[in-house]
Participant: 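Pasting a structure below so you can have a look.
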Amino acid sequence: MTAPDLALSRAAHLLEVNRADAALEELARLPADVALGAPAFRLRAAALTDLDRWDDVVATARQGLAELGPDAELLGRLGLALRHRGEYAPAEQALLDGLAIAPESPWLLCQYADLCTAVGQTDKAEQLLARAAALAPESPAVFASRFQLAYTRGDDRATEQIAREFLGVWPEHPAALALHGLAAAQRGRMDAAHRSFGQAVAHDPADVDAANAAWEARVLAHPLLLPLRPLHRWGMLRTWLVAVTVMVGLNLAGLDLLAGLAGLLWIAYCVYSWTAPALVRRLVRGRWRS
């Protein structure tokens with residue numbers, strides 16, 4: 001194996017272990033002729049994707065397509081990056097061009113499904129994901145796209161089930177851990193959310209979103225915020241409707257004193273929900289720094 005081939009292999013391995021920055025450094029040392037080859041462009045675009053550097057992904061993918069001609073993976077990276085930039089029409093064209101080359105690619109089908117989910121075409125996204133799942137039912141991309149679709153539809157039970165399935169198949173995958181944390185947070189299980197986000201960061205320290213989510217889950221898991229769990233489990237509107245229903249019910253039953261007490265408790269609860277999280281953040285931050 002030649003030195004450039006070894007460098008490409010090292011870069012690929014670094015990507016597998018979630019070290020995208022190091023992979024880019026390895027690719028930067030390639031000789032010019034190898035750096036302009038398909039493997040280098042694909043690895044570079046993948047590393048930039050892992051770092052959420054969408055403008056650079058677009059530039060790299062377009063340069064690679066100009067140098068190499070049509071390439072399914074680079075077209076997929078281009079479509080993914082354009083979707084994140086909110087350029088949905090050119091993103092769709094890039095993904096359709098990629099699928100014209102590789103119509104049975106589960107990853108490309110998932111990218112197109114994610115685009116459809118982003119623009120509200122959830123039925124089309126479901127059909128695309130059914131095709132992708134038939135080809136690769138245990139692919140991380142399939143699990144992640146199924147989760148995103150369920151999340152967009154507001155189906156908390158489905159997101160939790162998908163997150164559990166994902167984690168069961170890929171127990172150390174950063175995305176599986178992060179989505180499991182998100183699903184747990186949606187259901188008000190902040191301790192579980194904190195553990196999952198923390199493990200996701202341990203496996204992928206460069207994931208800033210997971211790190212921020214781990215910090216927030218640590219705050220919300222604090223014992224002083226236990227009374228606020230219903231807000232995270234049901235949301236503010238549902239919790240408010242429950243409180244109003246209780247107060248109105250007590251009034252209709254002629255229990256005016258209890259209704260008034262319930263109203264005072266609700267006001268106190270609202271004030272607590274506004275002030276307690278800020279105080280706990282200061283408390284946790286102080287302990288973190290010490």
Side-chain angles (χ1 to χ4, degrees), residues 1-88 90-91 93-95 97-99 101-102 105-108 110-112 114-115 139-141 144-145 170 172-179 197-215:
M1 184 178 289
T2 65
D5 289 335
L6 285 171
L8 289 171
S9 296
R10 286 194 297 270
H13 174 70
L14 289 167
L15 274 177
E16 289 177 1
V17 296
N18 303 307
R19 295 183 58 194
D21 281 326
L24 287 175
E25 292 175 4
E26 193 72 44
L27 293 168
R29 290 192 285 268
L30 290 172
D33 57 332
V34 179
L36 295 177
F41 273 115
R42 291 168 185 162
L43 288 170
R44 194 175 299 114
L48 293 167
T49 298
D50 285 354
L51 296 170
D52 295 343
R53 291 168 52 180
W54 304 120
D55 291 343
D56 292 333
V57 175
V58 169
T60 297
R62 283 176 171 163
Q63 183 186 1
L65 292 168
E67 294 283 346
L68 306 168
D71 181 274
E73 183 170 345
L74 289 178
L75 286 164
R77 296 289 175 190
L78 178 60
L80 185 158
L82 290 171
R83 170 172 65 84
H84 277 280
R85 296 204 316 189
E87 300 175 35
Y88 297 132
Q93 187 59 58
L95 292 171
D97 290 345
L99 285 166
I101 300 170
S105 167
W107 181 74
L108 278 173
C110 287
Q111 296 310 312
Y112 195 16
D114 288 346
L115 175 63
S139 165
S145 294
W170 299 91
E172 296 184 355
H173 198 291
L177 289 162
L179 294 183
F197 284 130
Q199 291 172 25
V201 174
H203 287 288
D204 185 5
D207 191 337
V208 177
D209 290 336
N212 290 336
W215 160 257

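One-based numbering along the sequence shown. We use all heavy atoms of the structure for the numbers below, so side chains are in, but hydrogens, waters and symmetry mates are not.
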Participant: Using side-chain heavy atoms (C-beta onward) and a distance below 4.5 Å, is Phe41 in contact with Leu36?
Facilitator: yes
Participant: Just do the side chain to side chain contact (heavy atoms under 4.5 Å, CB included) check on Arg83 and Leu95 with the steps written out, would you?
Facilitator: CA-CA 10 Å; Arg83 170 172 65 84; Leu95 292 171; over 6 Å; no
Participant: List the atom of Pro174, the atom of Asn18, and the distance in Å for their closest heavy-atom pair.
Facilitator: CG-ND2, 3.5 Å
Participant: Measure the spacing between CG of Leu177 and CD of Glu172 and express it to the nearest 0.5 Å.
Facilitator: 8.0 Å
Participant: Evaluate the side-chain proximity of Leu78 to Asp97: yes if any heavy-atom separation is below 4.5 Å, no if none is.
Facilitator: no
Participant: Does a side-chain heavy-atom distance below 4.5 Å link Leu80 with Val57?
Facilitator: no
Participant: Measuring from atom CG of Leu99 to atom CG of Leu108, what distance do you get when rounded to the nearest 0.5 angstrom?
Facilitator: 5.0 Å
Participant: Minimum heavy-atom separation for Leu15 and Ala23, please, with both atom names.
Facilitator: CG-CB, 4.1 Å
Participant: Glu87 versus Val58: any side-chain heavy-atom pair under 4.5 Å?
Facilitator: no
Participant: State the CD-CZ distance between Glu73 and Arg42, to the nearest 0.5 angstrom.
Facilitator: 6.0 Å
Participant: Drop me the distance from Leu14's CG to Glu25's CD, to the nearest 0.5 angstrom.
Facilitator: 9.0 Å
Participant: If you look at every heavy atom in Ala11 and Leu43, which pair is closest and at what distance?
Facilitator: CB-CD1, 4.2 Å
Participant: Is there a side-chain contact between Leu30 and Leu8 (heavy atoms, below 4.5 Å)?
Facilitator: yes
Participant: With a 4.5 Å cut-off on side-chain heavy atoms, are Trp54 and Thr49 touching?
Facilitator: yes
Participant: Go through the steps for Asp56 and Arg44 under the test salt bridge (charged side-chain N to carboxylate O under 4.0 Å, His left out), then give the verdict.
Facilitator: CA-CA 10 Å; Asp56 292 333; Arg44 194 175 299 114; over 6 Å; no
Participant: How long is the gap from OG1 on Thr60 to CG on Leu48, to the nearest 0.5 Å?
Facilitator: 5.0 Å
Participant: Distance check, rounded to the nearest 0.5 Å: Asp52 atom CG versus His84 atom NE2?
Facilitator: 6.5 Å
Participant: Ignoring hydrogens, what is the shortest heavy-atom contact between Pro70 and Ile101? Give both atom names and the distance.
Facilitator: CB-CD1, 3.7 Å
Participant: What is the minimum heavy-atom distance between Asp114 and Ser145, and which atoms define it?
Facilitator: OD1-OG, 2.9 Å
Participant: How close do Ala40 and Ala35 get, heavy atom to heavy atom, and via which atoms?
Facilitator: CB-O, 3.6 Å
Participant: Determine whether Leu24 and Arg53 make a side-chain contact, defined as any pair of heavy atoms from C-beta on separated by less than 4.5 Å.
Facilitator: yes
